[in-house]
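Single-structure report; data block below.
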Amino acid sequence: MNKLNPRQSEAVKYIDGPLLVLAGAGSGKTSVITQKIAYLIDQCGYQGRQIAAVTFTNKAAREMKERVRSLVDKQKCRGLLVCTFHTLGLNIIRKELSTLGFKPGFSIFDQSDAHALIKELLYKDSDIDSDHVDMLQNMISKWKNELISPEDAMAQASSGGEQQLAAVYERYTQALKAYNALDFDDLILLPVQLFRKRPDILERWQRSLRYLLVDEYQDTNGAQYELVRSLLGDRKGLTVVGDDDQSIYAWRGARPENISQLNKDYPDLHVVKLEQNYRSTGCILKAANTLIDNNPHEFNKRLWSDMGFGDPIRVIRTPNDEAECERVATEILDQRLRMGCKYKDFAILYRGNHQSRTLELKLQQFQVPYTISGGTSFFSRQEVKDMLGYLRLMVNPNDDNAFLRIINTPRRKIGPTTLEKLGLFAQSEELSLFDACNHPNLRHVLPPDAHTRLTEFHDWMLVLLEQAENDDPIKAVEKMVTESEYEGWLHQNASSPNVAERRMQNVHALVGQLKQTLEWLQEDNEDAGLQAVINRLLLRDMLEQQEEEDDSDRVQLLTVHASKGLEYPHVYIIGWEEELLPHRSSIEEGNVEEERRLAYVAITRAKRTLTLTMAAKRKQFGDWTTCNPSRFLEEMPQEDLVKIGFGGEADKALNKARGRETLASLKDLLGR
DNA sequence: TCCTTTCGTATTTTT
DNA sequence: TACGAAAGGA
């Protein structure tokens, strides 16, 4: 506690009412949350089980849990909930399952599952163009995030087209229910709906949770806001931490105005600002402050640090995008030697994923080791999805989606015709596809060999299912992997043995994760059935992929969005151009403010040096386009920018210096 | 069932 | 331009 500055400790000790902590970038907000949990337990007589701290990412939750553990006696932590919004929702749903009308084994659909489902719904009776799946999926998600039911959506629809969209939403909801499945948004939505309908249940939860802490509050959406509000009731036990300047997910339904909404909802709200930054040099903070001042603000914040002013910010312009990436690569090589630091001290940030391609090319060319985060995640890999399909079916035989995914993977000679007949039969008998396989009348609608294949599959799965429930679930999973002969199928199908090898490793990694998570949950004395573990995995709650065995001294490549919450000694941000950093579509939508926040987040990742680059020309969709410098460059303090490649003073000085250098080396040569 | 060709589309993606 | 998805052909 004595390590905290006065503002921080005020935030920790204030418990007389709802508290909003406006925590600027790098101001030690995680410390505040973890210390506050410790304070509540050690000094205020709260029990661990009465406190919930909610974050957005599993990573943040894990880090927080870790730090609380180092602060508070293990016994006292018991029942302490430090988790993501979605895990909190899942916990509530699990305990109120029967009231919600779900059967015990339910599945969680991820985005691609939901996507496939919507696509199918459109395909079946498509008045709507099927390439609008993405748009519709977005829409459904937004509806759910704003607590708009299918009926509401229907009522709000002002045109025939909108009515059709609402109708799909309706059918999507029904389909999920039929599969006994939930999507990510449901994990928040259903608890909220339940609490609205059943005050008695809400009261029970309110009694058990007495203090709530919410991280990254600017990223909450309508449903999450409502969940927090209803859990809190009219009590005082709330601390939220957020930074309106770091709201960069509005396009995904986040409502940064939830921060100012707090003032209205809780008149006795107390506000604490954390403005001391422990990360960056004064120069970097000045630039960040000046830039973000161009946005309107409800709460004014001014970051400062006592780490010295530091180096000026360099802005480099190159003739084209290739040269830009090349320059970054060589700059890093140079800077690394001159400053004697490691590759991993560098990060290169960019607005769009596509920008990483040229970058990778150049880094390879100059032999700069790098890692790129983002791209296809572990969970979107085919083999992982397949395995999760099996696992989902093991805990929820009603999950038709999972059934369809894996019924013919590996090949079991069960094709579309068979499945169609099975589907019709299942529909008429009101059974899941899996249960339909076992129905005595099924053989009347199918040719004998198709029928045998289905029953064989069904019986095999049933054995596994029972073993998972009554015996050792891990053993059942391992048995499933070997008996499905998935590995053989991978080798048969893969373009090269290496690919198959790698995929199989992912399968083993998944099973390993399963094991680990199971042990973890058992340690924490939580419900440790296969179902619980798989749900965790479906919520992406697993340890990072093993940290690349080699010490991984590599330059980090990532999008600005992905960089939020991270920090690096030396940061390069590429593509400071109009239409790219304020992105074109954002300009068109008139939402430059969020882009400015994006730039703000990017800048505040840097601890010591910051380099911004842009290209004068860029090869785009086949032909060259001329690029103008980003307006954000002009919005920063010009006196702290060293502009290179703009034909200005700095260039002349540089040329002069370069001239002197060549002259000196010439003399040196001649002298010899 | 797999491979080829063609077509359309290019912002960000915590769970 | 370059990639992924979808459709068409062997």
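Numbers restart at 1 for each chain; the letters A, B, ... are given by sequence-line order, proteins then strands.
One can place CG of A/Asp134 at 15 Å from P of C/dG4, the figure rounded to the nearest angstrom. For A/Gln355 and B/dA10, the CD to P distance is 16 Å, given to the nearest whole Å. Across the protein-nucleic acid pair, A/Phe621 atom CZ and C/dC3 atom C1' stand 12 Å apart, rounded to whole Å. Atom P of nucleotide B/dT11 and atom CD of A/Gln620 are separated by 9 Å, given to the nearest angstrom. Summarising the geometry, the separation between NE2 on A/His354 and C1' on B/dT12 is reported as 11 Å, rounded to the nearest angstrom. Distance CZ (A/Phe379) to P (B/dT15): 9 Å, rounded to an integer number of Å. In this entry the distance linking CD of A/Glu322 with P of C/dA2 reads 11 Å, nearest Å. Distance A/Glu360 CD to C/dA2 P: 15 Å, rounded to the nearest Å.
A salt bridge links A/Arg67 with A/Glu63: at least one charged nitrogen is closer than 4.0 Å to a carboxylate oxygen.
Nucleic acid contact for A/Arg584: none, since no nucleic acid atom lies under 4.0 Å from a heavy atom of the residue. When heavy atoms are screened at a 4.0 angstrom cut-off, A/Tyr249 is found touching base atoms of the nucleic acid.
A close approach under 4.0 Å does occur between a side-chain nitrogen or oxygen of A/Lys119 and OP1 or OP2 of C/dA6. For B/dT12, neither phosphate oxygen OP1 nor OP2 lies less than 4.0 angstrom from any side-chain nitrogen or oxygen of A/Arg252. Note on A/Asn353: every side-chain N or O is 4.0 Å or more away from OP1 and OP2 of B/dA10. For B/dT15, the OP1/OP2 oxygens have no side-chain nitrogen or oxygen of A/Thr87 closer than 4.0 Å. Here A/Arg357 does not reach the OP1 or OP2 of B/dA10: none of its side-chain N or O atoms lies under 4.0 Å away. Contact annotation: A/Asn408 reaches the phosphate of B/dT1 (side-chain N/O to OP1 or OP2, under 4.0 Å).
Checking B/dT15, B/dC2, B/dT14 against the side-chain heavy atoms of A/His86 singles out B/dT15 as nearest. Closest to the side chain of A/Leu539, out of B/dT13, B/dT15, B/dT11, is B/dT15. In the set B/dT11, C/dA6, B/dT14, the nucleotide with an atom closest to the side chain of A/Asp219 is B/dT14. If you check B/dT15, B/dT12, B/dT11 against the side chain of A/Ser585, the one that comes closest is B/dT11.
Using bins of under 30°, 30° to 60° and over 60° for the plane-to-plane angle, the ring pair A/Phe457/A/Phe403 lands in the perpendicular bin. Using cut-offs of 30° and 60° on the angle between ring planes, the pair A/Trp205 and A/Phe195 is tilted.
Rounded to the nearest Å, the gap between the P atom of B/dT12 and that of C/dC3 is 16 Å. To the nearest whole angstrom, the two P atoms, one in B/dT13 and one in C/dA2, are 22 Å apart.
In this structure, the aromatic ring of A/Trp251 is positioned over the six-membered ring of the base of B/dT12, centres within 5.5 Å and planes within 30°. Between the side-chain ring of A/His583 and the base of B/dT11, a stacking contact exists by the 5.5 Å and 30° definition.
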A/Gln364 vs A/Tyr370, side chain to side chain donor-acceptor pair (under 3.5 Å): CA-CA, chis, key distance, verdict
CA-CA 9 Å; A/Gln364 277 164 18; A/Tyr370 65 88; 2.8 Å; yes

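Shown are A/Lys617, A/Lys619, A/Arg618; of these, the salt bridge (charged side-chain N to carboxylate O under 4.0 Å, His left out) with A/Glu324 is made only by A/Arg618.
For B/dT12, its base sits under 3.5 Å from the side chain of A/Arg351 at one donor and acceptor pair at least.
When the nearest nucleotides of DNA chain B are assigned to A/Glu594 and A/Leu538 by heavy-atom distance, the more 5′-ward of the two goes with A/Glu594.
The shortest distance between side-chain heavy atoms of A/His86 and A/Gln224 falls below 4.5 Å.
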